[in-house]
Protein chains: 2
Amino acid sequence: MSTVSIKDIARVAKVSHSTVSRALHNSPLVSWETAERIRRIAKEMGYRPSAIARSLVTRKTKTIGVVVTTIADPFIAEVVSGIEEVANDHGYSVFLANSNADPDREIKVVHSFHERRVDGILVTASRVGALYMDHLSQMKVPIVLINNQHPGEFAHSVMIDNVTASRVATEHLIQLGHRRIAYIGDQFGYQSDTERFAGYRQALERAGLTFQPELVVHGDGKPEGGMRAMERLLALAPPPTAVFCYNDMTALGALRVARMRGVRVPEDISLVGFDDLFIASYTEPPLTTIRQPKRQMGRQAMVLLLQLLKGEDSQQTIWVQGELIIRASTAPPRKEEAYVRPRS
Amino acid sequence: MSTVSIKDIARVAKVSHSTVSRALHNSPLVSWETAERIRRIAKEMGYRPSAIARSLVTRKTKTIGVVVTTIADPFIAEVVSGIEEVANDHGYSVFLANSNADPDREIKVVHSFHERRVDGILVTASRVGALYMDHLSQMKVPIVLINNQHPGEFAHSVMIDNVTASRVATEHLIQLGHRRIAYIGDQFGYQSDTERFAGYRQALERAGLTFQPELVVHGDGKPEGGMRAMERLLALAPPPTAVFCYNDMTALGALRVARMRGVRVPEDISLVGFDDLFIASYTEPPLTTIRQPKRQMGRQAMVLLLQLLKGEDSQQTIWVQGELIIRASTAPPRKEEAYVRPRS
DNA sequence: CCGATTGTTGAAAACGTGTGCAACCATGAG
DNA sequence: CTCATGGTTGCACACGTTTTCAACAATCGG
């Protein structure tokens with residue numbers, strides 16, 4: 001009794017509930033006067049249609065499921081914010097679920113979305129298990145992946161052009177005069193790490209610099225991993241004059257270690273990150289990095305999903321470009337070091 | 001036909017759909033053998049119950065609505081992560097909606113949640129409009145607010161004890177020997193700004209220090225506001241030897257200005273923040289701040305909501321305590337300055 | 001052997017909405 | 001005046017569940 005239904009309105013207006021339904025949908029099948037009267041009554045009674053009941057008959061819920069590793073990741077939060085913006089503008093509500101990169105939780109989430117009959121799914125997880133993918137694809141619902149690590153065939157995706165962006169970042173260092181440039185990657189096996197590493201090598205190659213395996217170390221995508229990796233790099237003799245990091249979090253760790261060891265940035269060593277998290281402009285020194293258009297990527301992913309929901313088939317993958325943001329963590333190498341290599 | 005229903009299973013198992021429903025609920029009303037057979041068939045057919053249909057009859061959706069100003073705010077993201085964790089553990093799915101502090105969007109969100117028949121609502125918005133509150137309370141659904149600015153009577157809430165935490169933060173500075181301590185607040189009118197300011201004054205009073213109005217300036221809760229405020233403080237003669245900031249974002253701006261002006265932290269001026277965002281431990285120097293147990297607050301809010309949903313009436317407000325995290329942005333004042341005031 | 005009890009099953013209504021179809025009424029044309 | 005037409009409206013079913021109630025069969029006690 002607390003919530004008013006279409007039938008309650010019908011009773012008051014002395015019409016059938018069908019007429020009420022039509023009136024509230026501005027159907028031309030109902031006369032203007034009665035329609036107006038019904039709408040007025042509905043408003044007075046504080047009527048709110050039940051999306052539940054409507055979904056049951058229309059077989060569309062106007063909801064989408066968003067699964068992320070964790071919303072506490074600032075990169076992901078920005079993307080989700082973009083998703084939510086256009087979803088909401090189009091009358092869709094978003095279910096948010098964290099997977100915590102835990103396989104058990106992942107399948108729980110998929111089942112949940114399935115039972116809730118979401119119209120579509122967006123995935124912003126750093127790693128999507130194969131088994132997980134199977135479950136996802138089984139629910140016969142459009143899926144859009146964002147920066148997915150395992151490029152699948154069955155789903156659409158929005159991806160950043162890692163190779164080009166990384167090449168540009170590395171070329172920036174080369175152009176400053178650096179010759180001994182290190183790369184701190186993510187854990188092995190990640191698609192985006194592989195691609196960013198490829199961009200790094202491409203830049204080296206184009207500049208005619210020989211690739212030196214000892215300058216490549218791996219972190220874990222987080223500051224802790226960046227710290228361990230940087231320790232190893234600084235122990236080298238001679239150490240690199242510049243470091244390209246897999247992402248800003250890694251760079252944060254590297255930066256901290258440099259400071260602890262009394263290595264000045266950028267005077268003694270240059271540092272480049274990737275992502276352009278909010279934090280990147282507030283480090284000391286502010287971090288040169290590759291900007292990923294995070295919100296924009298979220299928006300585009302949702303727009304793509306909307307197209308799929310409308311039945312229009314769209315391009316399989318949307319590529320977006322990163323942008324080099326030059327701040328204060330990069331500078332030319334010290335004179336003596338810059339010329340050491342060419343001479344040898 | 002793509003999705004299999006309870007009736008499809010009934011047809012295959014040659015029983016009524018009622019029996020299927022009971023079998024899947026492990027009801028004692030159905031014999032073990034047939035129940036087991038039905039469950040096997042259901043599994044084979046890949047059956048997933050429709051939460052939609054179930055909700056329609058049970059009048060419970062097992063969903064909650066979470067409204068935030070923006071999920072891109074790292075503080076909020078942490079809280080939401082805590083909410084989602086316990087919600088999911090209890091079979092609840094969460095609808096996420098950003099209000100962007102825009103009144104129009106706020107009421108759109110409320111209507112959306114209402115039509116979706118969410119079982120409860122959580123609000124983590126820095127400011128909730130009065131009109132907005134009206135709409136919220138009209139839907140006769142349990143509501144829990146987190147750090148709400150306008151303490152309302154109709155809703156439950158989880159709040160941090162701003163006054164005590166701020167007093168502790170300020171006392172830390174006093175204990176280090178500071179006498180000329182500034183406060184950079186948020187915009188006027190915010191409840192939490194008022195409370196944190198009160199804690200600051202309380203500490204001053206207890207230490208027998210006279211309150212100096214020119215040492216209180218206002219930012220906007222973001223780095224930009226912190227920068228403007230810090231500029232004003234550094235223009236004072238003499239400038240303060242320590243600054244207590246409304247939050248870490250504000251402190252970030254203050255820190256940047258100090259650096260730009262060649263004022264060393266903490267040698268020339270000490271800085272304290274509030275929130276303990278992830279970033280706080282990666283600034284240079286790492287920031288002394290008050291830690292808010294963000295995830296924990298989200299969890300507790302959800303637990304509180306669960307209690308309300310069960311019909312147990314719980315305490316109106318849960319208070320949580322902040323924790324002083326001492327890092328490297330605070331130190332005793334320089335000798336000459338420390339003794340300037342006592343002498344005068 | 002019969003009535004009562006227990007265990008198992010199906011029929012049907014309900015939740016709130018959308019919609020095809022039939023029915024009704026008024027109007028205009030012939 | 002009759003018939004066709006077009007504009008409004010109501011009836012009834014459907015969506016996929018849960019749940020009450022009645023019905024049925026088997027078993028048990030007397």
Side-chain angles (χ1 to χ4, degrees), chain A residues 1-39 41-42 45-63 91 111-112 114-119 139, chain B residues 1-39 41-42 45-63 91 111-112 114-119 139:
Chain A
M1 284 303 99
S2 68
T3 77
V4 27
S5 85
I6 219 178
K7 290 184 185 173
D8 300 324
I9 298 175
R11 205 170 304 120
V12 175
K14 298 202 192 310
V15 292
S16 73
H17 77 274
S18 324
T19 308
V20 175
S21 172
R22 284 188 271 255
L24 298 178
H25 282 74
N26 300 316
S27 160
L29 290 180
V30 49
S31 78
W32 176 256
E33 300 84 31
T34 50
E36 195 58 23
R37 185 166 55 92
I38 289 172
R39 282 193 283 263
I41 293 177
M45 296 178 71
Y47 172 71
R48 283 288 141 200
S50 163
I52 303 290
R54 177 179 300 161
S55 298
L56 190 54
V57 42
T58 62
R59 315 181 68 84
K60 301 245 177 288
T61 56
K62 294 284 260 177
T63 61
H111 285 171
S112 160
H114 196 169
E115 298 188 352
R116 297 239 126 92
R117 302 292 193 262
V118 297
D119 292 338
M139 39 190 301
Chain B
M1 285 307 99
S2 66
T3 76
V4 26
S5 85
I6 218 178
K7 290 185 186 173
D8 300 324
I9 299 176
R11 205 170 303 122
V12 174
K14 298 203 194 307
V15 292
S16 74
H17 75 275
S18 323
T19 308
V20 175
S21 173
R22 285 188 272 253
L24 298 178
H25 282 74
N26 301 315
S27 159
L29 290 179
V30 48
S31 78
W32 175 257
E33 300 83 32
T34 49
E36 195 58 23
R37 186 166 55 92
I38 290 172
R39 282 191 285 263
I41 293 177
M45 297 178 71
Y47 171 72
R48 284 288 140 199
S50 162
I52 303 290
R54 195 204 309 271
S55 297
L56 190 56
V57 41
T58 61
R59 315 182 68 85
K60 301 243 177 289
T61 56
K62 295 283 260 176
T63 61
H111 286 171
S112 160
H114 196 168
E115 298 188 353
R116 296 239 126 94
R117 302 291 192 262
V118 297
D119 292 338
M139 41 190 300

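Below, chain A is the first sequence line, B the second, and so on; all start at residue 1.
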Note to self: Which is more 5' along DNA chain D, the nucleotide nearest B/P49 or the one nearest B/L29? Just name the residue.
What the structure shows: B/P49
Next item on the list: Looking at every strand, decide which applies to B/T34 at a 4.0 Å heavy-atom threshold: base, sugar-phosphate, or nothing.
Entry: sugar-phosphate
Checklist line | Nearest heavy-atom neighbours spanning A/I52 and B/R116 | finding: CD1-O, 3.9 Å
Check: Please give, in whole Å, the distance from C/dT17 C1' to B/R59 CZ?
Finding: 13 Å
Next item on the list: Return yes if a side-chain donor-acceptor contact under 3.5 Å exists between B/S31 and B/T34, otherwise no.
Entry: yes
Check: Between C/dG18, C/dC21, C/dT9, which nucleotide has the shortest distance from any of its atoms to the side chain of A/R22?
Finding: C/dC21
Notebook entry, point to check: Between B/K14 and A/S5, which is nearer to the 5' end of DNA chain C once each is assigned its nearest nucleotide?
Noted result: B/K14
Note to self: Among C/dG18, D/dT17, D/dT19, which nucleotide has an atom closest to any side-chain atom of B/I6?
What the structure shows: D/dT17
Checklist line | Over all atoms of both residues, closest heavy-atom pair of B/K62 and B/D119 | finding: N-OD2, 2.7 Å
Item checked: Listed nucleotide nearest any side-chain atom of B/H17, set D/dC11, D/dT17, C/dA11 -> D/dT17
Next item on the list: Ignoring hydrogens and angles, answer whether the base of C/dG16 and the side-chain atoms of A/R48 contain a donor-acceptor pair closer than 3.5 Å.
Entry: no
Check: In whole angstrom, what separates A/R116's CZ from D/dT17's P?
Finding: 14 Å
Note to self: Is there a side-chain contact between B/R39 and B/N26 in this structure, where contact means two heavy atoms from C-beta onward sitting under 4.5 Å apart?
What the structure shows: yes
Next item on the list: Compare the minimum distances between each of C/dT9, D/dT9, C/dA11 and the side chain of A/T19, then state the nucleotide with the smallest one.
Entry: D/dT9
Note to self: So A/V57, base contact, sugar-phosphate only, or nothing? Heavy-atom distance under 4.0 Å.
What the structure shows: base
Next item on the list: Round to the nearest Å and state the distance from B/L56 atom CG to C/dT17 atom C1'.
Entry: 8 Å
Check: Contact class for A/S50 vs. all strands (heavy atom < 4.0 Å): base, sugar-phosphate, or nothing?
Finding: sugar-phosphate
Next item on the list: For B/R11 and D/dG16, give me the distance from atom CZ to atom C1', rounded to whole Å.
Entry: 13 Å
Check: Expressed in angstrom and rounded to an integer, what is the separation of B/I52 atom CD1 from D/dG16 atom P?
Finding: 11 Å
Item checked: Non-hydrogen atoms of A/R117 and A/T61 that approach each other most closely -> O-OG1, 2.9 Å
Item checked: Phosphate contact (D/dT18 OP1 or OP2) by B/S21 side-chain N/O below 4.0 Å -> yes
Check: What nucleic acid atoms does A/S31 come within less than 4.0 Å of, heavy atoms only: base, sugar-phosphate, or nothing?
Finding: sugar-phosphate
Check: Whole Å only: how far is the NZ atom of A/K60 from the P atom of D/dC15?
Finding: 15 Å
Notebook entry, point to check: Of A/T58 and B/A35, whose nearest nucleotide on DNA chain C comes first from the 5' end?
Noted result: B/A35
Item checked: Note, B/V118 side chain near B/M139 side chain (heavy atom, < 4.5 Å) -> yes
Checklist line | Integer-rounded Å distance: C/dT8 P and B/H25 NE2 | finding: 19 Å
Checklist line | Separation of C/dG16 C1' from A/L24 CG (nearest whole Å) | finding: 13 Å
